[in-house]
Amino acid sequence: MVILGVLLIGLGALAIVAAVFTGDGTAQLLGLDLTTLEIFLVGLGAGAAILWGLMILKYGTKRELRQRRERRRLTELSQQLDQVDAERRAEDEAG
């Protein structure tokens, strides 16, 4: 998810940069002749891609952090269980 989010942000930013630096007063984008409406729609799509990418990036980061916390907690519980089992075995062998 994080990779997809970063990719969408990059594609949107690339489209915006291409529109800004390749346009010379005419309606061209990457060498293609476009109408004003088409240029606007490209900008709208680039903005939507950036926003969508940011949302996916945020969701993926939250999910990853939650899974990391859960894994850490499960490791702690597993270690506690191993310790209790070892103590019980020691008591059984002594008693």
Side-chain angles (χ1 to χ4, degrees):
M1 289 296 222
V2 171
I3 293 172
L4 180 60
V6 171
L7 181 65
L8 286 171
I9 291 170
L11 288 175
L14 178 65
I16 291 171
V17 169
V20 169
F21 291 112
T22 60
D24 58 352
T26 62
Q28 286 190 356
L29 177 64
L30 299 175
L32 301 172
D33 291 328
L34 301 174
T35 66
T36 306
L37 176 62
E38 290 170 334
I39 290 290
F40 172 75
L41 293 175
V42 167
L44 186 65
I50 289 173
L51 289 176
W52 191 32
L54 286 172
M55 288 181 355
I56 289 174
L57 181 63
K58 182 180 174 181
Y59 171 75
T61 302
K62 281 184 177 181
R63 181 178 170 203
E64 184 177 331
L65 288 174
R66 186 175 54 242
Q67 287 176 345
R68 207 178 283 172
R69 276 189 228 114
E70 185 177 332
R71 252 184 271 131
R72 186 180 315 130
R73 180 68 181 145
L74 287 174
T75 301
E76 290 171 2
L77 290 173
S78 176
Q79 289 173 351
Q80 289 174 359
L81 182 61
D82 290 344
Q83 184 179 5
V84 168
D85 283 344
E87 289 172 1
R88 284 186 184 165
R89 278 190 226 121
E91 287 176 6
D92 287 345
E93 290 174 3

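Side-chain atoms are counted along with the backbone in the values below, which use heavy atoms only and exclude waters and symmetry mates. Sequence positions, counted from 1, serve as the residue numbers for this chain.
Side-chain contact between Lys58 and Thr61 is absent, with no heavy-atom pair separated by less than 4.5 Å. Side chains of Gln79 and Gln83 form no contact here, defined as non-hydrogen atoms less than 4.5 Å apart.
Put simply, Ile9 and Val2 are part of the same group of oily side chains (I, L, V, M, F, W, Y) that touch within less than 4.5 Å, one to the next. Put simply, Leu4 and Tyr59 are part of the same group of oily side chains (I, L, V, M, F, W, Y) that touch within less than 4.5 Å, one to the next. Put simply, Leu11 and Val6 are part of two different groups of oily side chains (I, L, V, M, F, W, Y) that touch within less than 4.5 Å, one to the next. Follow the hydrophobic side-chain contacts under 4.5 Å out from Ile56 and you never reach Leu51; the two are in separate clusters.
One finds the CG atom of Leu14 at 10.0 Å from the CD1 atom of Ile50 (value rounded to the nearest 0.5 Å). Separating the CZ atom in Arg66 from the NZ atom in Lys62 is a distance of 9.0 Å, to the nearest 0.5 Å.
The main-chain N or O of Arg71 is found under 3.5 Å from a side-chain atom of Thr75 such that the two form a donor-acceptor pair.
Across Ala49 and Gly12, no two heavy atoms sit closer than the pair CB-CA, 4.4 Å.
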**Message:** Could you go through Glu64 and Arg68, starting from their C-alpha distance and side-chain angles, then the distance that decides it, and tell me whether this counts as salt bridge (Lys or Arg N to Asp or Glu O under 4.0 Å)?
**Reply:** CA-CA 6 Å; Glu64 184 177 331; Arg68 207 178 283 172; 2.6 Å; yes

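Shown here is Leu77, whose CG atom has more than 12 heavy atoms of other residues, nucleotides or ligands within 6.0 Å.
Under the 4.0 Å criterion applied to side-chain N and carboxylate O atoms, Arg73 and Glu70 are not assigned as salt-bridge partners.
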